[in-house]
J.: 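Have a look at the structure that comes next, please.
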Amino acid sequence: DGDVGQCTIASTILYSIMAPGGGIYVKTGQTALLALLMLLAGPALAQDIETLTATCELCHGPQGVSVHDSIPIIAGQSPQFLQKALRSYQRWDRPCVKTRYPEEGNSGPRTDMCKITEGLSGEDMQALATHYSKQPFVAAKQDYDEALAATGATLHNEHCETCHEGGGSLTEGSEPRLAGQWTPYLKKSIKYVPTGEHMVPPMMEREVSKFSADEIDALMNYYASQQD
């Protein structure tokens with residue numbers, strides 16, 4: 001009854017503001033109600049979380065723990081970061097490199113994150129971000145060089161710690177967790193920062209642009225070394 005009452009009141013308001021003098025002429029109250037219901041239909045189109053995650057986990061793995069070094073671990077990342085990343089792909093603010101679904105043996109159709117996110121609603125992105133932020137982060141098991149990792153730790157503290165706190169392990173705010181992430185993925189992503197293809201805060205763009213290839217390699221070894 002409450003919902004019906006709200007619709008009746010809202011349709012009356014809509015009819016009033018769109019009547020002659022309001023800019024658009026509405027012939028009947030039924031037309032106004034139909035227009036209102038169309039406006040309200042958006043949230044109802046949000047997909048259920050099982051459907052949404054089924055697509056994600058074809059690449060990112062069960063619960064978002066990727067076992068592929070070119071695909072990031074999204075489990076345990078902050079909801080703010082995850083939602084920002086999805087919106088960035090939807091707006092083409094991040095590079096959309098085409099790839100095949102690895103869970104299908106790389107034999108499926110090629111796709112990219114921009115294409116995958118284009119049909120997501122705001123509610124879908126929020127639901128995905130909330131879901132994966134609640135999953136435990138599992139650090140990637142990968143090789144690293146201890147000497148390079150020590151150099152990378154110094155570089156991180158000098159240039160990256162301000163935003164990526166805790167040695168890159170912080171999972172609060174809108175910045176991603178770097179510690180324990182797959183470093184081939186990180187290295188691939190970071191190369192698009194100086195070109196402007198991966199939109200990041202200006203301070204990060206300046207810092208990344210200053211790094212030599214050897215310094216980036218040292219940073220990658222530092223992040224790879226954090227496997228706890």
J.: Could you tell me whether a side-chain N or O of N221 sits under 3.5 Å from a main-chain N or O of D217, the two making a donor and an acceptor?
T.: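 Yes, N221 side chain to D217 backbone: donor-acceptor pair under 3.5 Å.
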J.: Do S133 and Q77 have side-chain N/O donor and acceptor atoms under 3.5 Å apart?
T.: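 Distance-only check fails for S133 and Q77.
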J.: Is any side-chain heavy atom of P79 closer than 4.5 Å to one of H131?
T.: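 Not touching, per the 4.5 Å side-chain cut-off.
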J.: After noting the C-alpha distance and the side-chain angles of T99 and R110, does the key distance pass the side chain to side chain contact (heavy atoms under 4.5 Å, CB included) rule?
T.: CA-CA 5 Å; T99 188; R110 291 170 64 83; over 6 Å; no
J.: Consider only side-chain N and O atoms of Y144 and Q226, and report whether a donor and an acceptor are under 3.5 Å apart.
T.: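 Per modelled atom types, Y144 and Q226 side chains form no pair under 3.5 Å.
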J.: Would you say K98's side chain and T111's backbone share a donor-acceptor pair under 3.5 angstrom?
T.: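 Side chain of K98 to backbone of T111: no pair is present.
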J.: Which is it for T130 and K134 under the side chain to side chain contact (heavy atoms under 4.5 Å, CB included) test, yes or no, and what are the steps along the way?
T.: CA-CA 7 Å; T130 300; K134 293 179 179 179; 3.6 Å; yes
J.: From C163 SG over to E175 CD, what is the distance, rounded to the nearest 0.5 angstrom?
T.: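 Interatomic distance, C163 SG to E175 CD, rounded to 0.5 Å: 5.5 Å.
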J.: Give me the atom names and distance for the closest heavy-atom approach of P72 to S66.
T.: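 Minimum heavy-atom contact is O-CB, 3.5 Å.
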J.: So, taking the atom named SG in C59 and the one named CD1 in I71, what distance separates them when rounded to the nearest 0.5 Å?
T.: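 Output value for this atom pair is 4.5 Å.
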J.: Would you give the length of the straight line joining atom CG of L52 to atom CD of E57, rounded to the nearest 0.5 angstrom?
T.: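 It comes to 11.0 Å.
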J.: Roughly how far apart are R177 CZ and F137 CZ, rounded to 0.5 Å?
T.: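 With rounding to 0.5 Å, CZ (R177) is 4.5 Å from CZ (F137).
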J.: Please say yes or no: joined through hydrophobic side-chain contacts below 4.5 Å, possibly via intermediate residues, are I116 and L128 part of one cluster?
T.: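 In one cluster: yes.
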J.: Does S78 reach the main-chain N or O of F81 with its side chain, forming a donor-acceptor pair under 3.5 Å?
T.: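 Yes; at least one donor-acceptor contact below 3.5 Å.
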J.: Is it true that L82 and W182 fall in one hydrophobic cluster, defined by side-chain heavy atoms closer than 4.5 Å?
T.: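 Result: no, two separate clusters.
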J.: Kindly give the heavy-atom pair with the smallest separation between P176 and H164, and that separation in Å.
T.: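 Heavy atoms of P176 and H164 come nearest at O-ND1, 3.4 Å.
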J.: When you measure from the side chain of Q90 to the backbone of T117, do you find a donor-acceptor pair of N or O atoms at a distance under 3.5 Å?
T.: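 Checking the backbone N and O of T117 against the side chain of Q90, a donor-acceptor pair under 3.5 Å is found.
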J.: Which distance, rounded to the nearest 0.5 Å, do you find between the CD of Q142 and the CG of D69?
T.: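 So the CD of Q142 and the CG of D69 are separated by 8.0 Å.
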J.: Going only through I, L, V, M, F, W and Y residues with side-chain contacts under 4.5 Å, is there a path from L178 to L148?
T.: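 L178 and L148: separate clusters.
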J.: Would you say E161's side chain and G166's backbone share a donor-acceptor pair under 3.5 angstrom?
T.: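 Yes; judged by distance alone, with no hydrogens or angles, the pair exists.
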J.: Taking only residues two or more places apart in sequence or in another chain, which ones pass side-chain contact (heavy atoms from CB on, under 4.5 Å) with V65?
T.: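 Expected list: A75, V138.
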J.: To the nearest 0.5 angstrom, please state how far the CD1 atom of I73 sits from the OH atom of Y132.
T.: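 The OH atom of Y132 is 13.5 Å from CD1 of I73, to the nearest 0.5 Å.
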J.: For residues 186-193, run the donor-acceptor check on the side chains, cut-off 3.5 Å, and write out each pair with its distance to 0.1 Å, sequence neighbours left out.
T.:
unit_1	atom_1	unit_2	atom_2	d
K188	NZ	S70	O	3.3
S189	OG	Y185	O	3.1

J.: Yes or no on side chain to side chain contact (heavy atoms under 4.5 Å, CB included) for C114 and E118, after CA distance, side-chain angles and deciding distance?
T.: CA-CA 6 Å; C114 291; E118 67 182 5; over 6 Å; no
J.: Should M125 and I49 be counted in the same cluster of Ile, Leu, Val, Met, Phe, Trp and Tyr side chains packed under 4.5 Å apart?
T.: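 Shared cluster, yes.
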J.: With no hydrogens and no angle check, do the side chains of D124 and S121 hold a donor and an acceptor under 3.5 Å apart?
T.: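 The criterion, which ignores hydrogens and geometry beyond distance, is satisfied for S121 and D124.
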J.: Which residue pairs pass the ring-ring contact (aromatic ring centres under 6.0 Å, His included) test when at least one of the two sits in residues 206-228, sequence neighbours left out?
T.: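 Residue pairs passing ring-ring contact (aromatic ring centres under 6.0 Å, His included), neighbours aside: H156-Y222, H156-Y223, H159-F211.
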J.: Tell me if the CD atom of E172 is crowded by more than 12 foreign heavy atoms within 6.0 Å.
T.: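 Not buried by this count: 12 neighbours or fewer within 6.0 Å.
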J.: Just by distance, do the side chain of E158 and the backbone of L155 share a donor-acceptor pair under 3.5 Å?
T.: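 Here the side-chain-to-backbone pair does not exist.
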J.: Could you give me the CA-CA distance, side-chain angles and deciding distance for R94 and M113, then say whether side chain to side chain contact (heavy atoms under 4.5 Å, CB included) is met?
T.: CA-CA 9 Å; R94 298 183 65 154; M113 282 299 298; over 6 Å; no
